Amino acid sequence: MMSFVDVPTTTVVEGDTDPALADRVMAGRLQGVSALQALREARALSTTTLARLSGVAHDEIVAAESGKPIGVVERQAPAAALDVPADMIKA
């Protein structure tokens with residue numbers, strides 16, 4: 001079973017986001033992929049694993065990746081599981 005410590009690499013250092021990760025998210029966004037999906041894929045996690053790590057229902061992860069708007073509060077758990085600031089996760 002994967003735990004938070006198994007999520008690959010730390011991206012936030014002194015309040016800054018890893019530029020390579022930010023570039024991957026931007027590239028995904030340009031290809032029509034949601035920021036959440038780009039971040040999840042950068043971490044090599046499945047939607048099922050992200051749901052389990054974040055405590056968010058799998059259907060909600062899939063819906064958010066498909067463009068369903070998600071509020072600031074709802075971004076907190078997936079952001080923590082992905083080790084990124086919540087404002088990086090937008091529909």
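Reckoned from all heavy atoms, side chains included, excluding hydrogens, waters and symmetry mates. Treat the numbers as computed from the prediction; the structure is a model and nothing was measured.
- Of all heavy-atom pairs spanning Arg43 and Leu82, the tightest one is NE-O, 2.9 Å.
- From Arg52, atom CZ reaches atom OG1 of Thr47 across 11.0 Å, with rounding to the nearest 0.5 Å.
- The pair Lys68-Glu60 meets the salt-bridge criterion, with a side-chain N (NZ, NE, NH1 or NH2) lying under 4.0 Å from an Asp/Glu carboxylate O.
- A donor-acceptor pair under 3.5 Å links the side-chain atoms of Glu74 to the main chain of Gly71, judged by distance alone.
- Between Ser54 and Ala77, the closest heavy-atom pair is O-CB, 3.2 Å.
- Closest heavy-atom contact between Gln76 and Ala86: NE2-CB, 3.6 Å.
- The minimum heavy-atom distance linking Arg40 with Glu65 is given by the pair NE-OE2, 2.5 Å.
- Between Pro78 and Leu50, the shortest heavy-atom contact is O-CD1, 4.2 Å.
- Only one option out of Ile89, Leu36, Val84 pairs with Arg75 in a side chain to side chain contact (heavy atoms under 4.5 Å, CB included); it is Ile89.
- Closest approach of Ala81 to Leu53, counting heavy atoms only: CB-CB, 3.9 Å.
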